[in-house]
Amino acid sequence: MTGTDVQKEAEDSGPSGYAAARLRLLTEEARSGPPRRAALAELTDDWLTGLFTAGAEGLRGVSLVAVGGYGRGELSPRSDLDLLLLHDGGDPKAVAALADRLWYPVWDLGLALDHSVRTPAEARKTSGEDLKVQLGLLDARHIAGDLGLTAGLRTAVLADWRNQAPKRLPELQELCEERAERQGELQYLLEPDLKEARGGLRDATALRAVAASWLADAPREGLADARRRLLDVRDALHLATGRATDRLALQEQDQVAAELGLLDADTLLRQVYEAARLVSYASDVTWREVGRVLRSRAVRPRLRAMLGGGKPTAERSPLAEGVVEQDGEVVLARAARPERDPVLPLRAAAAAAQAGLPLSLHAVRRMAATVRPLPTPWPAEAREQLVTLLGSGRPTIEVWEALEAEGLITRLLPDWERVRCRPQRNAVHIWTVDRHLIETAVRASEFTRRVSRPDLLLVAALLHDIGKGWPGDHSVAGEIIAKDVAARIGFDRHDVTVVATLVRHHLLLVETATRRDLEDPVTVRSVAEAVGSQGTLELLHALTEADALATGPAAWSSWRGSLVADLVERVSAVLAGDVPADLEDAAPTAEQERLAIEAVATGSPVLSLRAQTEPPAGQEPSGDPEPLGVELLIAVPEQPGVLPAVAGVLAMHRLTVRTAELRSLTLPDGVDGTVLLLNWRVAAEYGSLPQAARLRADLVRALDGSLDIAGRLAERDAAYPRRRGVVAPPPRVSVHPAASRLATVIEVRSQDAPGLLFRIGSALEDASVQMRSAHVSTLGANAVDAFYVTGPDGAPLPGDEAESVARKLEETLRG
């Protein structure tokens with residue numbers, strides 16, 4: 001048959017009628033989205049059925065099958081037609097002639113065609129060799145001809161897929177990861193590929209394939225709507241460009257937005273990002289479940305043999321109060337009650353990020369469904385857990401996304417809604433506003449050793465661009481929002497002012513350093529006036545670098561860094577008059593004095609435990625106040641080794657030290673002897689607090705040397721090694737010679753960990769220095785501790801000796 005004959009046969013089957021009907025359908029304003037895609041697929045089915053019927057007259061054992069996107073009935077205006085001509089192998093020449101009668105009319109209309117001619121056995125063999133072919137056949141749909149032939153192939157392909165799932169699914173996951181590496185993440189790209197980028201249509205199709213394996217299933221909620229939204233955008237893109245493209249280029253976004261009836265291109269991108277984020281999160285959860293199931297299947301036969309056929313129980317390791325690890329995920333403990341514990345989402349998130357583990361989908365959904373709102377202002381624990389989460393480095397991102405996927409972030413921080421998925425049309429920025437804020441916190445976590453208030457740095461990093469959801473200068477709007485948020489999460493007035501200042505001036509250093517004359521005294525004075533203090537300058541310097549690094553590779557360089565450092569040095573010189581005064585000994589309270597006198601009288605340590613509570617703002621204290629921690633007061637007759645002894649006993653009992661002060665107490669006239677007073681706030685890692693009598697008994701044994709604290713802690717760490725989920729910055733120990741006239745101030749900035757204060761105290765004892773006072777604070781996962789020490793003569797240490805003590809302490813903490 002000649003090409004002319006083929007063309008004539010196609011015309012007899014109605015190509016011009018199909019072309020006209022197709023054009024009318026695509027230009028109908030009343031029909032769009034899924035109805036139009038389904039109608040286009042149906043129209044194409046009818047046309048192809050006509051071609052098939054005309055060409056297959058008298059031919060048996062043949063069917064026409066739609067596969068891939070066409071098989072799913074998802075025809076976009078410029079979609080390929082994916083067709084399989086299936087036959088039983090009885091008359092190859094007649095089948096080849098039928099194929100010509102089908103393919104040529106499609107080509108003549110200018111439609112893209114992906115076609116094949118195979119027997120069922122050939123189709124199965126090819127799908128076994130080519131994963132992409134197998135994925136297409138999973139969506140096989142009968143169009144015309146022998147329905148039994150198509151049904152048999154579908155049944156066989158699905159059975160093959162399920163039988164081969166343990167091998168095929170890891171291959172599919174690898175394909176998805178390679179594609180994501182090439183194409184990037186759809187939810188952040190300014191010119192995304194709607195199909196190939198991570199979170200796009202290919203990933204949505206992969207999730208359908210996983211579900212078809214019966215091995216695991218994606219979280220269904222919202223997934224169909226996300227897929228539909230991406231398909232709608234692709235339809236509009238095809239119509240706007242007249243091309244079969246999946247890349248949403250900048251110059252076409254306004255036209256695509258208009259085609260969809262959206263306000264502007266930013267609104268379009270935000271909808272695309274929201275859909276992509278949902279698909280990406282569903283993919284993460286699904287592939288994690290696939291891995292868990294495959295690992296379980298691999299281990300189960302051996303366990304059954306060992307346990308005599310019994311079903312093994314998944315191991316659950318406690319991470320925090322109400323939070324455990326199970327099967328490589330963070331889940332809620334059986335005794336957890338989200339409806340009674342409003343801090344639980346933040347505690348679970350912080351524990352997950354610190355352990356470098358994902359939050360279980362079930363746990364997040366349970367908390368989202370049942371947890372009650374936090375009071376305003378937040379209790380201290382909630383604020384600390386937020387800081388711990390933000391300071392956990394790269395794992396913070398996955399945990400934050402899990403909370404955001406179920407709406408928990410906007411419930412904790414309502415202002416987040418305005419920046420969520422908001423695009424940034426700036427070539428320097430590589431992230432959306434919300435992801436940039438989290439990236440900045442991740443970067444800031446690397447600088448927590450550089451600042452005295454890492455908690456303020458991390459919160460300012462989270463909020464520095466929060467004003468981009470509002471009109472006008474985002475720094476000005478952000479300052480107002482930051483004040484409100486910082487006060488709501490429980491910072492005091494001074495800290496609120498610092499956070500607001502950091503947000504208002506987060507661009508000040510880099511803009512001044514790169515655009516102004518630093519030799520001009522007016523330039524430096526203006527920055528000093530805006531910043532106000534050395535502490536704020538220190539924080540702003542770290543925030544500036546974290547912000548730039550989180551923006552993109554073009555936003556920071558060694559040149560910019562040197563200019564900013566030069567400016568900071570000059571501003572610091574202007575602010576140098578703010579030298580910290582020596583700490584004055586505060587008058588003891590009646591309770592402290594009573595304990596001190598009792599300690600002198602008994603010659604042994606005396607302690608008291610008292611729960612701390614506070615009512616929500618604007619309310620009177622209720623009969624059931626919410627505990628924020630426990631105040632631990634200890635009075636000990638002055639002797640060597642008090643700090644490491646107390647710290648070690650608390651670590652043995654799994655008590656976390658939030659704040660701690662140690663100082664010598666002046667006793668009333670007529671009472672001989674000196675007493676060390678320790679005023680600490682502690683909390684149980686999980687479980688209940690130990691009894692005061694037991695703490696005191698262990699402390700007595702620690703002080704007289706009969707309790708080997710170091711050995712006990714080492715045994716516990718060996719038996720229950722802590723998960724190294726977060727790679728924390730190394731500890732930093734520094735000497736501040738100008739901070740006190742009466743003592744040498746040694747400051748330690750480190751990752752908080754059980755036994756940390758015991759190790760510090762022991763190292764200082766080994767250095768033969770006397771401790772005048774200690775001021776310990778745990779800010780999220782960061783410990784910032786200052787120790788005022790003297791030599792045996794009671795005078796500050798000489799400079800070289802102080803530096804030697806600091807270096808040895810740093811080596812101990814790094815070891």
Side-chain angles (χ1 to χ4, degrees), residues 1-15 17-18 41-75 79-109 111-164 168 209 212:
M1 181 179 290
T2 66
T4 303
D5 293 333
V6 172
Q7 175 68 20
K8 184 175 185 306
E9 287 288 343
E11 289 174 354
D12 291 342
S13 299
Y18 169 73
E42 184 179 359
L43 179 67
T44 305
D45 286 356
D46 291 344
W47 176 51
L48 292 172
T49 298
L51 293 175
F52 181 91
T53 302
E57 188 173 354
L59 187 62
R60 296 178 178 276
V62 182
S63 66
L64 184 61
V65 184
V67 298
Y70 182 27
R72 294 188 297 273
E74 295 174 346
L75 273 187
S79 288
D80 293 357
L81 295 183
D82 294 337
L83 293 169
L84 166 64
L85 185 58
L86 193 65
H87 65 98
D88 61 8
D91 192 345
K93 287 186 177 180
V95 170
L98 174 59
D100 286 344
R101 290 170 178 262
L102 290 170
W103 309 153
Y104 276 96
V106 175
W107 287 325
D108 289 342
L109 284 183
L111 300 178
L113 175 66
D114 188 352
H115 61 89
S116 58
V117 181
R118 294 189 177 106
T119 64
E122 291 169 341
R124 290 180 68 186
K125 182 175 184 295
T126 304
S127 70
E129 297 168 349
D130 190 329
L131 178 58
K132 293 180 180 179
V133 171
Q134 190 169 33
L135 293 174
L137 287 174
L138 290 178
D139 291 309
R141 179 174 58 83
H142 181 75
I143 296 177
D146 188 337
L147 178 59
L149 196 64
T150 304
L153 177 64
R154 272 186 54 85
T155 300
V157 166
L158 280 170
D160 290 345
W161 177 245
R162 286 161 187 158
N163 290 333
Q164 298 166 10
R168 284 304 210 179

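Residues in residues 111-124 take part in these salt bridge (Lys or Arg N to Asp or Glu O under 4.0 Å) pairs, two or more places apart or across chains: Arg124-Asp160. Screening residues 113-135 for ring pair (Phe, Tyr, Trp, His ring centres under 6.0 Å) gives Trp103-His115, Trp107-His115 as the qualifying pairs, with residues at least two apart or on separate chains. The list of salt bridge (Lys or Arg N to Asp or Glu O under 4.0 Å) pairs with a residue in residues 87-96, not counting sequence neighbours, is empty. Residue pairs satisfying the salt bridge (Lys or Arg N to Asp or Glu O under 4.0 Å) criterion with at least one member in residues 59-73, sequence neighbours excluded, are listed as follows: Arg72-Glu74, Arg72-Asp139.
A search for side chain to side chain donor-acceptor pair (under 3.5 Å) contacts involving Arg141 returns Asp45, not counting sequence neighbours. The side chain to side chain donor-acceptor pair (under 3.5 Å) check on Glu57 picks up nothing, with sequence neighbours excluded. A search for salt bridge (Lys or Arg N to Asp or Glu O under 4.0 Å) contacts involving Lys132 returns nothing, not counting sequence neighbours. Taking the side chain to side chain donor-acceptor pair (under 3.5 Å) definition, one finds that Glu42 meets it with nothing, sequence neighbours left out. Qualifying side-chain contact (heavy atoms from CB on, under 4.5 Å) partners for Arg162, counting only residues two or more places apart in sequence or in other chains: Leu158, Trp214.
Summarising the geometry of Trp47 relative to Leu109, their closest heavy-atom pair is CH2-CD1, 3.6 Å, with the distance given to 0.1 Å. The shortest heavy-atom contact between Pro92 and Gly89 is CD-O, 4.1 Å. The nearest pair of heavy atoms linking Val117 to Ala99 is CG2-CB, 4.1 Å. In terms of heavy atoms, Ala41 sits closest to Leu75 at CA-CD1, 3.8 Å.
Of the possible donor and acceptor atoms, none in the side chain of Asp130 sits under 3.5 Å from a partner among the backbone N and O of Thr126. A donor-acceptor pair is defined here as one N or O able to donate and one able to accept, closer than 3.5 Å; no such pair exists between the side chain of Trp161 and the backbone of Leu137.
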Side-chain donor-acceptor pairs of residues 79-86 under 3.5 Å, sequence neighbours excluded:
unit_1 : atom_1 : unit_2 : atom_2 : d
Ser79  : OG     : Ser76  : N      : 2.8
Ser79  : OG     : Ser76  : O      : 3.4

For a quick test of your reading: what N or O donor-acceptor pairs under 3.5 Å do the side chains of residues 144-156 make, sequence neighbours left out?
unit_1 : atom_1 : unit_2 : atom_2 : d
Asp146 : OD1    : Gly148 : N      : 3.0
Asp146 : OD1    : Leu149 : N      : 3.2
Thr150 : OG1    : Ser63  : OG     : 2.9
Thr150 : OG1    : His142 : ND1    : 2.8
Arg154 : NH1    : Ala140 : O      : 2.6
Thr155 : OG1    : Ala151 : O      : 3.0

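With values rounded to the nearest 0.5 angstrom, Leu131 atom CG is found 5.0 Å from Arg168 atom CZ. Remark: Tyr70 OH to Leu113 CG distance equals 10.5 Å, nearest 0.5 Å.
Each of Leu59, Ile143, Leu98 was evaluated against Phe52; a single residue qualifies, Leu98, per the side chain to side chain contact (heavy atoms under 4.5 Å, CB included) test.
Using a 4.5 Å heavy-atom cutoff, the side chains of Tyr18 and Pro105 are not in contact.
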